[in-house]
Structures are given as structure tokens and as C-alpha cells.
S.K.: 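What follows is a single structure, and I will ask about it in a moment.
Just follow the structure's listing: the first ligand is 1, and inside any ligand the first atom is 1.
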Amino acid sequence: MTAIDYDLEFLEDGRTIELISIGMVCDDGRHYYAVNRDMPVRKIRKNKWLMENVVPHLPKGQGDRRNHVPRSWLFDYADPVVKRRERIADEVMGFIRAAGPDIELWANYGAYDHVCLAQLWGRMIDLPEGVPMFTHDIQQERSRLGLSWDDLPQQEGGEHNALADARHNQTVRRWLAERAQK
Ligand SMILES: [Mg+2]
């Protein structure tokens, strides 16, 4: 079994879940991070929590470019991690399939993450072969082991950067796996 830990940042309004960014880390050492060029920027701008917690982590331009990215932009459209949603769908499918035939997806409070991930390819029935139909939840494993959230390793920084969150999920998931064996 090969595990892929992932995290998505998204806008959800009680009806829809729309991708902002995705981070994935695989047991085989690969990682993936992308920012959705097609994110609904107007709606995001009106969401105070996202503006304060998620948008600051999006690429803002490096070096000279930093001065050339208009302040009104939520992120630097020229950054290589910024991609069309369709391209992210293709690359994520490739990333997951490259992990082999026996894959587990893991996320933290991952129900919304799973739906947002699966909707990259459309309806439930459109899920590509090789992409698992469910995501294991760190919270379920924590509960099964009779642990509280405070018992778990704490994240040292970068919360709400999707890749940093995915890396922390990997740390916690591995820690739980060790506990489960004792
Ligand atoms: Mg996150």
C-alpha cells in the first residue's frame, strides 16, 4: 500500500466547493502543489476568512516580479504553480496513478476535500480509473485509537498552505500508524 496525504484549500458556500489550491505528498517521496487559475476571485475577495488565512499563502511573485504583480490580484498569474483547473485535473490523476495500483488517499476532516478532489473530473461516475473512491480520514483514525486532537503532533507553521498542510497530514498519519501498532 502507498499512501498519498493531501489537502485542498477551497471556497464553499453551503452549495458548492470550489478549488483554490491543492497539495499532495506521496509515500514514494514525490509531492505536488498547484493553484487554480480559474478560482472564483470575486467571491473569494468577499470571504474574510479566506482573504486572511488562505490568500496570503498564494504565490505573490518572486524578486523583481513582486513589484510587477498588481496589488489587486490575489496571486501571481505568471507563477508556474498557477494552472488551469483542467490541467490540474490531468496532473493530479497522473500523480495518483504513478503511486501504483494499491493507493490510499488520506486527509484531515477530509469529506469536503474528497468531494472537491473528485469533482476535478466531474461527476462521481467520471472518477478516473486508479483514483480511489474514498479518502481515509485522520480524524477517524484518531477517534478509533481513543485519542484527542491535542495528543497529536502539532503543525509548526504554514497552516492553510495546502502543501504545508498535506505534509503535516503525512506526519500525523504516520504517527497514528505507529500508535496503532503498539
Ligand atoms: Mg488546508
S.K.: Below 30° counts as parallel, above 60° as perpendicular, anything between as tilted: where do the rings of Y32 and F95 land?
M.R.: tilted
S.K.: So, Q155 versus D165: side-chain donor-acceptor pair below 3.5 Å or not?
M.R.: yes
S.K.: Do R142 and Q139 have a side chain donor and acceptor closer than 3.5 Å?
M.R.: yes
S.K.: So, of the N/O/S atoms that D165 has, which is the nearest one to the Mg ion (ligand 1)?
M.R.: OD2
S.K.: Considering only N, O or S atoms, which atom of D7 is nearest to the Mg ion (ligand 1)?
M.R.: OD2
S.K.: I'd like to know: is the Mg ion (ligand 1) within the 2.8 Å range of an N/O/S atom from E159, strictly under that distance?
M.R.: no
S.K.: So, the side chain of N36 versus the backbone of S21: is there a donor-acceptor pair under 3.5 Å, distance only?
M.R.: no
S.K.: Checking one value in my table: which N/O/S atom of E9 lies closest to the Mg ion (ligand 1)?
M.R.: OE2
